[in-house]
Amino acid sequence: MRAGALAAAALLLALTAGPVAAGDAVAGDAAAGDAAAGKVVAEARAAVDPPAPGPGASEGTPVAPAPTGNAAAVPAALPATSGVAIYQRFVEGLAQPACEDASPRWRQHFAHVPDQLVSTEGEVLPLFGYVVEALRAAHLPTEYALIPFVESGYRPGARSGSGPAGLWQFIAVTARNHDIPVRSGYDGRLSPVDATRAAVRYLKTLHGMFAGDWRLAVMAFNAGEYRVLGALRRHGQRAADADPEGLESLAGITRSYVRKLHALSCLMVEAGRDAAWTESLDRPVARLVAVDLDNEPAGLDGYARRNGLDPARLRRLNPALSTGAPPGRKILVPRAAAATPAAAGVAN
């Protein structure tokens with residue numbers, strides 16, 4: 001990917017004739033999102049009574065007992081995040097919040113997603129929060145956080161019969177090109193830590209390569225940067241002022257990718273205007289933190305037992321691992337709180 005990306009970037013410079021735009025999303029740390037947890041979310045928050053209490057009441061929780069071996073303990077707990085804080089961070093980071101042109105077809109297709117987000121079953125909301133913070137930390141639009149809804153339904157263990165796997169549905173060759181280990185005994189595509197780190201890094205490259213246009217970047221994520229660069233050239237467009245819908249030489253599935261994500265973002269924005277939906281979202285949510293599992297003698301189950309965690313939940317969050325981890329691998333650990341802004345679990 002490295003040599004290819006450099007060649008692609010050189011080709012793009014001839015197409016853009018202008019500086020690469022900065023990321024559209026406004027960066028901020030997770031603490032800012034948590035401090036705003038009791039704040040009004042769109043119009044609906046004014047209707048929710050009483051407002052959610054602000055964070056900060058649960059500091060001082062003791063650190064879990066230190067495990068034997070070299071595996072890291074769960075970090076000390078700090079104030080919990082909430083569904084409302086996660087949602088706010090997402091909405092604040094959108095590059096295209098206006099919804100007048102959202103596709104009716106894809107709005108209907110993804111109409112279940114807001115309910116999926118507020119459901120207390122499964123891990124969708126914590127995983128969504130993990131991805132949102134990774135993107136905000138990278139100064140990227142949060143439309144990209146919707147890609148796993150399209151690709152896997154936010155299921156870390158999802159597999160496709162055609163080969164893609166994991167939250168982001170990387171194929172094996174793409175995974176290896178982006179430094180996701182795929183080998184006997186360990187498929188890093190099934191690790192939300194490995195896969196999200198690689199996806200965010202790739203999206204960061206594409207976002208800069210295509211002049212900060214999130215639509216072109218997601219097309220390239222779907223079809224490859226060379227196809228999108230070639231389509232821009234064939235249609236006489238520049239990335240800096242492109243019309244993605246006019247890139248008719250690209251496959252229909254690639255052009256519809258933008259419509260899918262925009263329809264999804266609009267469904268999410270509009271859900272925030274529903275007081276009942278927002279009230280369902282307004283609950284404590286465990287942050288997911290990446291910790292080392294190096295040389296863990298008893299695997300995920302042993303780690304969970306020593307740290308007071310649910311082994312079944314740990315396995316759901318980390319389907320790449322069932323026993324010990326290869327050197328340098330991390331797992332996602334649910335916590336009622338996070339350590340420091342965006343950081344403990346996202347940037348590792």
Side-chain angles (χ1 to χ4, degrees), residues 1 4-5 8-9 12 15-16 20-25 90-91 93-99 101-103 105-107 109-110 113 128 131-132 134-136 138-154 158 160 164 166-171 174-175 177-178 195-232 235 237-269:
M1 178 238 171
L12 181 62
L15 293 168
T16 55
V20 173
D24 296 299
F90 166 74
V91 172
L94 289 171
Q96 189 178 344
C99 293
D101 58 345
S103 164
R105 173 190 175 187
W106 295 115
R107 285 170 63 95
H109 183 83
F110 292 111
V113 167
F128 181 68
V131 173
V132 166
L135 292 166
R136 295 301 301 268
H139 302 254
L140 291 172
T142 48
E143 276 91 349
Y144 299 145
L146 301 172
I147 291 174
F149 278 119
V150 174
E151 295 291 345
S152 67
Y154 261 94
S160 170
L167 203 64
W168 298 88
Q169 290 291 283
F170 284 109
I171 62 173
T174 303
N177 287 343
H178 293 281
T196 299
R197 180 170 50 209
V200 171
R201 186 169 55 231
Y202 185 34
L203 287 164
K204 183 81 169 178
T205 298
L206 295 173
H207 193 76
M209 184 179 290
F210 292 101
D213 190 321
W214 74 270
R215 302 166 301 170
L216 294 175
V218 298
M219 284 180 165
F221 188 87
N222 175 255
E225 56 264 42
Y226 290 111
R227 285 193 179 95
V228 177
L229 288 167
L232 287 169
H235 294 281
Q237 294 191 31
R238 303 182 317 151
D241 53 10
D243 171 22
E245 287 289 341
L247 300 177
E248 296 179 356
S249 62
L250 288 172
I253 192 171
T254 297
R255 286 182 286 122
S256 70
Y257 211 79
V258 174
R259 295 193 289 271
K260 290 177 184 179
L261 294 182
H262 185 51
L264 256 171
S265 73
C266 289
L267 287 167
M268 300 277 274
V269 168

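Here, residue 1 is the first one in the sequence, and each next residue gets the next number.
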When you measure from the side chain of R255 to the backbone N and O of P244, does any donor-acceptor pair fall under 3.5 Å?
no
Is it the case that the side chain of E143 and the backbone of Q96 share a donor-acceptor pair, with hydrogens and angles ignored and the cut-off at 3.5 Å?
yes
Atom pair CG/NZ of L146 and K260 - distance to nearest 0.5 Å
13.0 Å
Donor-acceptor contact below 3.5 Å, side chain R227 vs main chain A223
yes
Are S103 and H262 linked by a side-chain donor-acceptor pair shorter than 3.5 Å?
no
Between T142 (side chain) and L94 (backbone), is there a donor-acceptor pair under 3.5 Å?
yes
Please report the C-alpha distance between L216 and L206 in whole Å, then the side-chain angles of each, then the deciding distance to 0.1 Å, and finally whether the side chain to side chain contact (heavy atoms under 4.5 Å, CB included) criterion is met.
CA-CA 8 Å; L216 294 175; L206 295 173; over 6 Å; no
Considering only heavy atoms from C-beta outward, does the side chain of L167 approach that of E151 to under 4.5 Å?
no
In terms of relative ring orientation, are F221 and Y202 parallel, tilted or perpendicular, with 30° and 60° separating the classes?
tilted
Quick one: closest heavy-atom pair of S256 and W106, and the distance?
CB-NE1, 4.2 Å
Would N222 and I147 count as a side chain to side chain contact (heavy atoms under 4.5 Å, CB included) here? Give the steps.
CA-CA 10 Å; N222 175 255; I147 291 174; over 6 Å; no
From CA spacing to verdict: side chain to side chain contact (heavy atoms under 4.5 Å, CB included), R238, D241
CA-CA 6 Å; R238 303 182 317 151; D241 53 10; 3.1 Å; yes
Please give me the minimum heavy-atom distance between R107 and A263, naming the atom from each residue.
N-CB, 3.7 Å
Set of salt bridge (charged side-chain N to carboxylate O under 4.0 Å, His left out) partners for D243, sequence neighbours left out
none
What is the ring orientation for F149 with F128, classed by angle as parallel under 30°, tilted 30 to 60°, or perpendicular over 60°?
tilted
With a 4.5 Å limit on heavy-atom distance, are the side chains of V150 and L261 in contact?
yes
Where is the tightest heavy-atom contact between L247 and M219, given as atom of each residue plus distance?
CD1-SD, 4.3 Å
Which atom names give the shortest non-hydrogen contact between A102 and C266, and what distance separates them?
CB-SG, 3.8 Å
Correct closest heavy-atom pair for L250 and A231 would be CG-CB, 3.7 Å
For the residue pair V91 and M268, establish whether any side-chain heavy-atom pair is separated by less than 4.5 Å.
no
Between W168 and T196, is there a side-chain donor-acceptor contact under 3.5 Å, judged purely by atom types and distance?
yes
Yes or no on side chain to side chain contact (heavy atoms under 4.5 Å, CB included) for V131 and Y154, after CA distance, side-chain angles and deciding distance?
CA-CA 10 Å; V131 173; Y154 261 94; 3.6 Å; yes
F210 and L229 have their tightest heavy-atom pair at CE2-CD2, 3.7 Å
Donor-acceptor under 3.5 Å (Q169 side chain, A158 main chain):
yes
Among D213, L140, L135, find the one that has a side chain to side chain contact (heavy atoms under 4.5 Å, CB included) with H207.
L140
Could R259 and E245 be called an ion pair, given the rule that one side-chain N must be under 4.0 Å from one carboxylate O?
yes
Is the Y144 ring parallel, tilted or perpendicular to the W214 ring (thresholds 30°, 60°)?
perpendicular
